[in-house]
Amino acid sequence: MGVTGTDKREIAWKRARELRERIEPYLKARENIETGFKLEEIYKENKARIMEYFNANEEQWEDWQWQVQNRISDVAILKELLHLSKEEEEEIAKVGEKYRWAVSPYYLSLMEPDNPRCPVRMQGIPSIKEIQDTWGDQDPMAEEYTSPAPRITRRYGDRLIINVTNQCAMFCRHCQRRRNIGEVDAPAPMKEIQEAIGYIRENSEIRDVLLTGGDPLTLSDSWIDWILSELDAIPHVEIKRIGSRTPVTMPQRITQELCDMLEKHHPLYLNTHFNHPKEVSKDALRATRRLAKAGIPLGNQAVLLKGINNDPHVMKKLNHELLKIYVRPYYIFHAKPVRGTTHFVTTVQEGMEIMEHLRGYTSGLAIPWYIINAPEGHGKTPIAPQYLVSMGKDYVLIRNWEGKVFKYPNGFSN
Ligand SMILES: *Cc1c(COP(=O)(O)O)cnc(C)c1O
């Protein structure tokens, strides 16, 4: 007896119910995950409180130079804006003697004033654990050994990075280059950038150049325009990329003027660094929409951080929120063992479980690569759950996202 149309529809209904059940745990968890869009009203209140403290008007708040100049980096000011226990106050001051910290007023407005575990706060406000760390290395990537010219790190054949400044709108507590952050803002001297560009000019296999830092978008429009123009003039440089966290930490930087300038330098890509759905705010959307309208494809490089986003549901929600603001999840980095940051390091197993919870459970667009940076600059190494169970001459065994195993022909002999 054949399967009738009605039978087929019933099978599809049953399967659809099953599929919904598969994602039920996420649907439940999602209710309790905070997002920047849900918290908009609270962010507005925080902003009003911070503006009042600085006696600032809307125009100043929207001015990125004002945001940079008024970065909070003093515990006496911080305690007026966030609730700090006496102990926290002393600890922050102590860490500050060893490691620089600074938070833009905007990024501070995303923090819960009363919650030390707030995932935004944990990224911006120092913890005593930073100076208790005895495990981490200053420079586990040995960047100093992979720099053939000033400001350049080269780990691959066809692409490299130029570190154009040490300045940031906010110094992430998990920063992998904290050894470069120093005490003061220090854009690269023009002579060093020229030498770096000279190196690229002389090495015709370099087709992809990444501007990084620090945060390149803390430089002025005219300075960035100059660097990009120099790169445009090199025939073998096919694409340029900017790595900037300003859409997250200081979206005011993404002005229309900046986008009009960037648009002259296509093909140009921008990768940013959102780590938690709470960071995906209305202001962040305004910034990413402007960049997207200027034709700049946007990617996200998150870092897997203990206590911040080491949860499959949170990571999935982050990726969903990113797609809503035109940002394609690109990488999730396993946190590196950098001295002063190792309290954020998770197990690799946690990272694998997060990846296992993405494939099949959500849009392929919401699935980044999970990457471990091999020690000493030996390159980004993708780590993925194993979907190939075994490989024989005629057949392979594959496992799908639900864990069902299938026999599949290993090509066809004809
Ligand atoms: C991450 C990185 C790149 C870019 O890597 P992609 O996988 O192409 O995004 C290039 N050079 C260095 C030194 C890097 O660390």
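What's counted below: heavy atoms across the whole structure, side chains too, no hydrogens, waters or symmetry copies. Start at 1 and go down the list; that is how both ligands and their atoms are numbered. For reference, positions follow the sequence shown, starting with 1.
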Face-on cation placement of Lys316 at Tyr361 ring, 6.0 Å and 45° thresholds: no
Cationic N near anionic O, under 4.0 Å, Lys47 to Glu58: yes
Residue pair Thr212, Asn163: steps toward the side chain to side chain donor-acceptor pair (under 3.5 Å) verdict: CA-CA 5 Å; Thr212 180; Asn163 184 327; over 6 Å; no
Side-chain donor or acceptor of Arg253 paired with backbone N/O of Thr218 under 3.5 Å: no
Residues in the immediate environment of ligand 1 (any heavy atom closer than 4.0 angstrom): Thr153, Arg155, Tyr156, Arg159, Ile161, Leu210, Arg241, Tyr330, Tyr331, Lys380
Where Ala196 and Ile162 come nearest, the two heavy atoms and their spacing: CB-CG2, 4.1 Å
Enclosure of His236 NE2 (heavy-atom neighbours >12, cutoff 6.0 Å): yes
